[in-house]
Amino acid sequence: IAQHERVSKKILGDPDLQFLLKGGDLLKVKSRSWRKTRYFRLNEDCKTVWQQTSKTFKSDSSFSLEDMDSVRYGRQTEGLQKYTDSSADDRCFSIIFKGRRKNLDLIASSKEEAKRWVSGLEKVMTVMHSLNRQQNSEHWIYNCMRKADKNADNKMSLKELKHFLRQINIEVDDSYAEMLFKKCDTSNSGTLEGSEIKHFYDLLTYREEMDAIYGKYASTNGQISSSDLLNFLQKEQKEPVSLEHAKKLIEKYEVDETSKQNTYMSKDGFLVYLNHEEGSIFNPAHKPIYQDMHRPLNHYFISSSHNTYLMEDQLKGPSSTEAYIKALVKSCRCVELDCWDGANGEPVIYHGHTLTSKVLFKDVIKAIKEYAFKTSQYPVILSLENHCSIEQQKIMAHHLTSILGSALLTQPLGHQMPNTFPGPEELKGRFLIKGKRLNKLDAAFNNNTTDDVDSVSEEDEAAELKEAEQKPKEKSSKKIKLAKELSDLVIYCKSVHFSNFEHSRDYHAFYEMASFKESKKGLKYNRIYPAGSRTDSSNYNPVPLWNAGCQIVALNFQTPGKEMDLNQARFLPNGKCGYILKPEFQRDPASQFDPKNLRVGPWLKKKTLHVMIISAQQLPKINKDKQKSIVDPQVRVEIYGVPDDNASKQTHHIDNNGFNPVWNTKFQFTIHVPELALVRFVVEDYDAASPNDLVGLYTLPFTSMQNGYRHVPLLTKRGNLIPSAGLFVHIMALDV
């Protein structure tokens with residue numbers, strides 16, 4: 001609670017935050033005709049925003065800052081661009097939510113007021129994001145206590161205590177609640193207050209497993225000294241660190257000043273350390289960019305999106321620039337533009353032969369230009385699926401060159417014809433066009449011009465494959481005419497027709513690449529995308545395609561699920577930059593690696609993985625509408641990699657305890673090719689009568705896991721962090 005007070009003071013002392021707490025009127029915009037003044041303010045918990053939803057103030061609702069993805073100043077959404085005039089630009093701002101929730105488009109009464117809303121919201125979001133898991137946990141418990149204190153007298157009656165326990169997802173019988181209450185009510189007043197609430201909090205959050213670990217290594221007057229901590233780090237966590245490192249951890253995480261001065265770590269300091277990134281299962285050394293980014297582009301797995309323009313399904317869902325923004329800020333580095341002739345000479349993007357809405361090509365390029373390098377500086381590939389006439393192809397070329405400017409790559413790097421790709425580092429901040437080209441890349445150096453600007457190219461491979469899927473009964477044999485202006489923009493990613501792998505190896509240049517639907521896969525530079533039959537925008541499992549060495553495995557980013565979770569995990573390390581260096585055995589042209597037939601080779605680095613699922617903390621309630629609904633959690637550990645490594649094991653379920661369930665269940669897995677393996681933790685609410693509900697999950701590469709006692713963060717199905725929840729595990733990967 002004291003921690004919550006400190007955080008609150010830090011927030012409340014800021015003038016921008018004072019402005020938010022007071023709040024004010026904003027014009028909410030939904031269409032040209034729907035514009036209504038509504039009152040907004042930051043609630044005192046500094047975690048939720050209250051919004052009036054009718055003029056009478058009788059109806060209102062709140063949304064959580066945790067549900068907000070970002071705040072954009074100016075007319076930076078489709079809605080504001082479509083429904084407001086440019087003269088209002090400096091008074092506009094938008095709140096962007098995670099998932100599929102619609103943006104909140106707002107207009108303030110002045111430029112200064114709009115900027116105060118934006119800077120204030122950004123500040124409070126920054127403070128909330130900077131809290132570590134333990135602080136988030138304390139914050140969450142404090143807010144649950146406030147909600148349980150129905151009469152707001154800062155005291156807790158037995159009835160309020162029972163309500164509080166249900167709020168934090170723990171079901172206890174009345175006798176236990178009464179016993180806990182009496183133990184803490186030392187004043188016998190019939191309510192808990194002050195130090196009694198603190199005593200109750202300590203009893204509630206006591207973790208027996210932490211006591212056991214701490215006690216095992218606290219060999220210096222009942223406390224952990226710097227040498228004890230070094231012993232723990234080397235023996236248990238398998239970290240090759242020095243005494244100096246142990247002392248730095250004490251300096252960084254110890255909460256008691258006397259212990260810190262004596263270079264001791266108290267039990268509280270030990271828990272704080274384990275809740276920070278040093279105690280996380282994900283290796284913090286893999287958080288920044290740590291891989292060699294100078295290798296040729298085809299040596300990397302590249303985070304890629306299919307039908308990027310779609311927000312929902314492929315038959316009638318909306319096409320949107322927002323879908324591109326969401327993919328790009330998730331570090332997607334290859335986006336798809338399905339281009340068709342539009343009205344008034346302007347090409348459009350949509351899913352051809354369907355009822356999906358259309359979006360202007362030029363608006364998409366503007367959005368891509370604005371958001372491509374917000375979260376990653378590494379190159380973005382624009383994969384053009386070209387169905388346009390010559391005239392509108394020329395318009396496409398004009399928009400690409402005029403909007404993207406010098407960031408668009410229009411010549412190979414260097415002064416002579418290359419024989420391999422440049423690396424992501426050399427292409428930082430650049431856009432590459434993937435599509436058809438009328439001639440070979442050599443023409444860019446010898447001024448070889450094509451006389452016929454309307455020359456017939458062979459089919460635009462990906463576009464033709466798609467069209468054939470959408471109209472299966474009409475076998476398309478048309479050739480696509482290609483404008484020279486558009487053709488000349490294709491430098492390192494020329495789309496070519498695929499005959500067979502031998503033909504590709506012998507006749508295709510390094511910059512030529514083929515696209516396949518998911519049922520085919522290959523080992524050269526290629527792009528895989530979901531079959532057109534997936535009209536609901538569902539995804540395929542990307543792991544077998546990465547196993548086969550495919551660089552660009554395109555998924556429907558708008559569709560949450562296991563497949564996107566695996567994709568998020570694959571690109572979690574290396575600064576989440578969208579590029580992951582493939583293992584050496586997948587980069588060597590002479591490699592004999594076959595994921596389905598593991599012979600002896602450099603890929604075979606057999607490991608035994610020991611996983612102990614110890615406990616979980618503060619799992620969220622699944623059915624929030626039912627006050628008495630409590631989670632019955634169970635944990636499943638899954639391995640995804642080469643076929644020999646795929647496995648799944650799960651714990652038993654625990655009845656009625658989502659707050660602090662304990663399993664102490666041990667699993668063992670054999671991993672043959674660790675460089676391709678992903679490890680997935682799934683927490684579900686067990687139900688004997690129906691499919692289990694997802695509580696939270698976390699996936700990471702095997703090679704990015706830390707050994708020892710570790711906390712595992714948990715994400716929602718859309719990949720957003722659940723701030724206070726987590727698993728506590730013990731990991732040990734041993735060479736066989």
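For E563, there are no salt bridge (Lys or Arg N to Asp or Glu O under 4.0 Å) partners two or more places apart in sequence or in a different chain. A search for side chain to side chain contact (heavy atoms under 4.5 Å, CB included) contacts involving R570 returns F301, W546, L678, not counting sequence neighbours. Evaluation of the side chain to side chain contact (heavy atoms under 4.5 Å, CB included) rule for T665 yields T651, H652, W663, F667 as partners, not counting sequence neighbours. For E584, the side-chain hydrogen bond (donor to acceptor under 3.5 Å, both in side chains) test picks out R587, with sequence neighbours left out.
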For residues 420-429, tabulate all N or O donor-acceptor pairs below 3.5 Å that involve a side-chain atom, not counting sequence neighbours.
residue: E425; atom: OE1; partner: Y378; partner atom: OH; Å: 2.8
residue: E425; atom: OE2; partner: K428; partner atom: NZ; Å: 3.2
residue: E426; atom: OE1; partner: G423; partner atom: N; Å: 2.9
residue: E426; atom: OE2; partner: H294; partner atom: ND1; Å: 2.9

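For NZ of K649, the number of neighbouring non-hydrogen atoms (other residues, nucleotides, ligands) closer than 6.0 Å is greater than 12.
In this structure, the side chain of S487 engages the main chain of L438 through a donor-acceptor pair within 3.5 Å. Looking at Y686, its side chain never comes within 3.5 Å of a backbone N or O of N692 through a donor-acceptor pair. A distance-only check finds a donor-acceptor pair linking the side chain of D588 to the backbone of A590 [under 3.5 Å].
The aromatic rings of H730 and Y709 sit perpendicular, their planes meeting at an angle over 60°, well past the 30° parallel limit. Ring geometry for F585 against W603 counts as perpendicular: the plane angle is over 60°, on a 0 to 90° scale with 30° as the lower cut.
Between V490 and L441 the shortest heavy-atom distance is O-CD1, 4.4 Å.
Pairs engaging residues 538-556 under the salt bridge (Lys or Arg N to Asp or Glu O under 4.0 Å) rule: none recorded [sequence neighbours left out].
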